[in-house]
Structures are given as structure tokens and as C-alpha cells.
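Report on one structure; see the data block that follows.
The chain is numbered in sequence order, starting from 1.
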Amino acid sequence: MKTKIITLLLVGVLASSCVEIKSDMNNNFDHTFAHTVFFWFKNPDSQEARDTFEASLTKFLNNSQYAKTKFIGKPPKAIRDVVDDSFTYSLILSFESAEDQAAYQDEAPHKVFIEECEDLWEKVIVYDSQGIQQ
């Protein structure tokens with residue numbers, strides 16, 4: 001009986017924590033302006049290139065004063081024809097405004113990242129989006 005009560009309490013605590021975390025994630029993403037970047041590497045199989053890129057990008061994002069939420073991703077194995085998994089890395093950032101996103105382009109950590117990594121990629125595509133009022 002004690003075990004069942006403890007288990008129920010733990011499940012309740014974990015469930016409420018997950019709800020708080022999910023709610024917090026939704027509140028952190030600023031729906032005003034999203035900046036999505038896809039990178040295609042010259043040598044996508046190079047672990048050294050990947051390590052350099054990830055370290056430099058992480059350093060940059062940790063020092064950006066404008067990017068609010070930050071997501072670095074790699075493509076999953078596509079199982080549907082509509083999924084483009086040809087890129088090497090993706091980056092999704094949110095900003096409080098288009099002006100903040102423009103300022104981010106000129107901040108020193110962003111420029112250092114480009115300097116350190118631009119020789120790694122052969123193609124970069126950027127999609128910027130402004131949120132719609134809901």
C-alpha cells in the first residue's frame with residue numbers, strides 16, 4: 001500500500017513538472033519573429049567539421065544578446081517524401097522584433113561564428129517569419 005501511494009505521488013509530481021516545463025517552453029518562444037537557417041556542409045561526414053561548427057555555434061548563441069530561444073538540429077532520417085533531410089544542420093531562433101533580428105546580424109558573436117565556420121558550408125538558406133495575430 002505504501003509503495004502504491006509513493007508511486008502515485010511521484011507520478012503526480014512528475015506530471016505537474018512536465019506541464020510546467022511544457023508551458024514554460026511555449027512562453028519562451030517569442031512568436032513575433034522567427035529566424036530559421038539551414039546549413040549544407042561541403043563535407044557533411046567530417047566529424048571535425050561538425051565539432052567545430054557545434055562549438056562555435058553554441059558559443060555564439062550563448063553570447064547573443066538578441067536571440068531569445070535557440071534550437072540547433074540535425075535532420076532525422078526522412079520517412080515521408082515531403083520531408084527534406086538534405087541539410088546538415090538547422091537553426092531556429094526567435095526574436096522580440098524584426099529590429100532585434102537585424103541587430104543580431106551585426107553583433108560580434110554572430111560575426112565571429114561566421115568567420116570561424118563559413119568555410120565549412122557550401123550553402124545556407126534562411127527563412128524569416130513574422131508571427132500572425134491570433
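A continuous path of hydrophobic side-chain contacts links V126 to F39 [ILVMFWY only; heavy atoms under 4.5 Å]. Taking hydrophobic clusters as Ile, Leu, Val, Met, Phe, Trp and Tyr residues chained together by side-chain heavy-atom distances below 4.5 Å, F38 does not share a cluster with L61. Put simply, I125 and F87 are part of the same group of oily side chains (I, L, V, M, F, W, Y) that touch within less than 4.5 Å, one to the next. Residues V37 and L57 are members of one and the same hydrophobic cluster, defined by side-chain heavy-atom contacts under 4.5 angstrom among Ile, Leu, Val, Met, Phe, Trp and Tyr.
No donor-acceptor pair closer than 3.5 Å links the side chain of Q101 to the backbone N or O of F33.
Remark: Y66 OH to D106 CG distance equals 9.0 Å, nearest 0.5 Å. Summarising the geometry, atom CG belonging to L93 is positioned 7.0 Å from atom OG1 belonging to T69; distances are rounded to the nearest 0.5 Å. Within the model, atoms CG of N62 and NZ of K70 stand 6.0 Å from one another, a figure rounded to the nearest 0.5 Å. Note that CG of L120 is 11.5 Å distant from CD of E122, once rounded to the nearest 0.5 Å.
Across N63 and P109, no two heavy atoms sit closer than the pair O-CG, 3.7 Å. Heavy-atom minimum distance, S64 versus A67: OG-N, 3.2 Å. Minimum interatomic distance between N43 and A49 (heavy atoms only, all atoms of both residues): O-CB, 4.4 Å.
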Take R50 and Y89 through the side chain to side chain contact (heavy atoms under 4.5 Å, CB included) test and state the conclusion after the steps. CA-CA 9 Å; R50 288 176 175 271; Y89 283 95; 3.3 Å; yes
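Remark: aromatic rings of Y104 and F60 are close, center separation under 6.0 Å.
Of the listed residues (Q130, K68, H35), just one forms a side chain to side chain contact (heavy atoms under 4.5 Å, CB included) with F95, and that residue is H35.
Ring-plane geometry between F113 and W121 is classed as tilted, the angle between the planes lying from 30 to 60 degrees on a 0 to 90 degree scale.
The number of heavy-atom neighbours closer than 6.0 Å to CD of E118, taken from other residues, nucleotides and ligands shown, is above 12.
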Residues 71-85 side chain polar contacts: donor-acceptor under 3.5 Å, at least two apart:
unit_1	atom_1	unit_2	atom_2	d
D84	OD1	S86	N	2.9
D84	OD1	S86	OG	2.6
D85	OD2	A78	N	3.2

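Listed by chain and number, the residues in a side chain to side chain donor-acceptor pair (under 3.5 Å) with E116 are S56, K59 (sequence neighbours excluded).
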